[in-house]
There are 2 protein chains.
Amino acid sequence: MIVKAVVSYDGTLFYGWQVQGEKRTVQGEIEKALFSLTGKNIRITGSGRTDTGVHALGQVFSFEIDEKIEAKRLYKAINAYLPEDIRVLSTEKAKDDFNARFSCKKKTYEYRFYLSETEIPVKERYALKIFDVDIEKMQESVKLFNGYHDFKAFSSSGRTVKSTERTIFDSSLKQFENDLIFTVTGDGFLYNMVRIMAGTLLQVGMGKLPIENITNAFETGNRNLLGKTLNAKALVLKEVIYE
Amino acid sequence: MIVKAVVSYDGTLFYGWQVQGEKRTVQGEIEKALFSLTGKNIRITGSGRTDTGVHALGQVFSFEIDEKIEAKRLYKAINAYLPEDIRVLSTEKAKDDFNARFSCKKKTYEYRFYLSETEIPVKERYALKIFDVDIEKMQESVKLFNGYHDFKAFSSSGRTVKSTERTIFDSSLKQFENDLIFTVTGDGFLYNMVRIMAGTLLQVGMGKLPIENITNAFETGNRNLLGKTLNAKALVLKEVIYE
């Protein structure tokens, strides 16, 4: 049977999702828990990697397991073997051709800022302090991300992909008191893409980049037109959508 | 000169506000920083204590310091000597009779819940997981706190105070997606009062306490009519008001 699982984790103490030797990774911890539970080496497939320090509210992974286990309750058994900073939120029997990576249709990420001149300790773990920004200008910029574009400029080198064209279905920047949340839903994201989008929003908001650089970056693919890759701690993979 | 300072801290790794021997406390760390900065033992007065694990967005303290220092910039100098989980947000010269404790008029606390069947690691540090609650019933209960009451039943024994009568100016329970925030502003709070209010809301929401117990508790002072004292990690001292 193929199982689809939704998992949340605090990325602070992980070297990202993917197994890398002896380093503490989310995939590694989940595979260890599955081994403790079943006595078998079960490989899991994530919807994609998250980097060191990136969090997840609703990452999805899939794996194959013996038919005898009741899928709906499996998450509780897995949680019993997981560290506190990872929790499987649900498990269910999926179709035989389900694959968390290849069946994925959309993903939603959130990047969190807070407005303050000085660091606020209770916000520092999951958000980035910003100050003296033009929020309306940032909200205008966000709209430019929507649609089908070549996001080549919005990617750090280091990983090769066939195509750098992606569709952004929805992109918004919402303010609640002093918190500012950038939410973006797309059919896929390049390496560091959301953190570069967030960095570009910030630079535009600070008046350090003209808003036109965004459309120019789509046309030219020039990484230098955009803001820097912001800190991973403020990024959360919110949801992975399959329909 | 008397200085009024606003401070934020993540209470997770502190034994509360007040100095207690060798234990790591917020007051202790700030007094150490002031000693490093001035070479003098300066005692600070907080608006009140916060217990082990309780956080602050805007706690206030006052102290006396040499006239030669520019009050408005002092907070930056203090921060240079503080650990990362405490940050002074502002400092200003106050009137000669200002005392963070005795001049205080109102305080606002927040208690944060989130709705989920399973723990969500990115929420666990600052909020309490709850599940299967009647939110409307909780919102009805919150209204009962407003006004002038005897809050004797809403206090843990262990600290003696002259009067247990307090005024609650505003009390609300607001939902944002799966987060539920109980905010309460009063002229003063008894030991564990907000955590018992939160525990009572939760028990009423779960159908384990009748809503009438709240008014009965005001009349009788009977602690047993109310919910338990909830976990400190979800409590934040949001603001201390002096006018």
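Lettering follows sequence order; numbering is per chain, from 1.
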With rounding to the nearest 0.5 angstrom, report the CG to CZ distance, A/Asp179 to B/Phe176.
10.0 Å
Give me the atom names and distance for the closest heavy-atom approach of A/Pro121 to B/Tyr126.
O-OH, 3.9 Å
Less than 4.5 Å apart, any side-chain heavy atom of B/Asn79 and any of A/Glu119?
no
Is it true that atom CZ of B/Arg24 has more than 12 heavy atoms of other residues, nucleotides or ligands lying nearer than 6.0 Å?
yes
Find out whether B/Glu117 and A/Leu89 are in side-chain contact, i.e. whether some heavy atom of one side chain is under 4.5 Å from a heavy atom of the other.
no
Validation row: A/Val88, B/Thr118 side chains within 4.5 angstrom (heavy atoms):
no
Please report the closest heavy-atom contact between B/Val122 and A/Asp10, naming both atoms and the distance.
CG1-CA, 3.9 Å
Quick one: what part of A/Glu84 sits under 4.5 Å from any heavy atom of chain B, side chain, backbone, both or neither?
backbone
Measure the spacing between CZ of A/Arg87 and OG of B/Ser116 and express it to the nearest 0.5 Å.
11.0 Å
Greater than 12 external heavy atoms within 6.0 Å of B/Tyr15's OH:
no
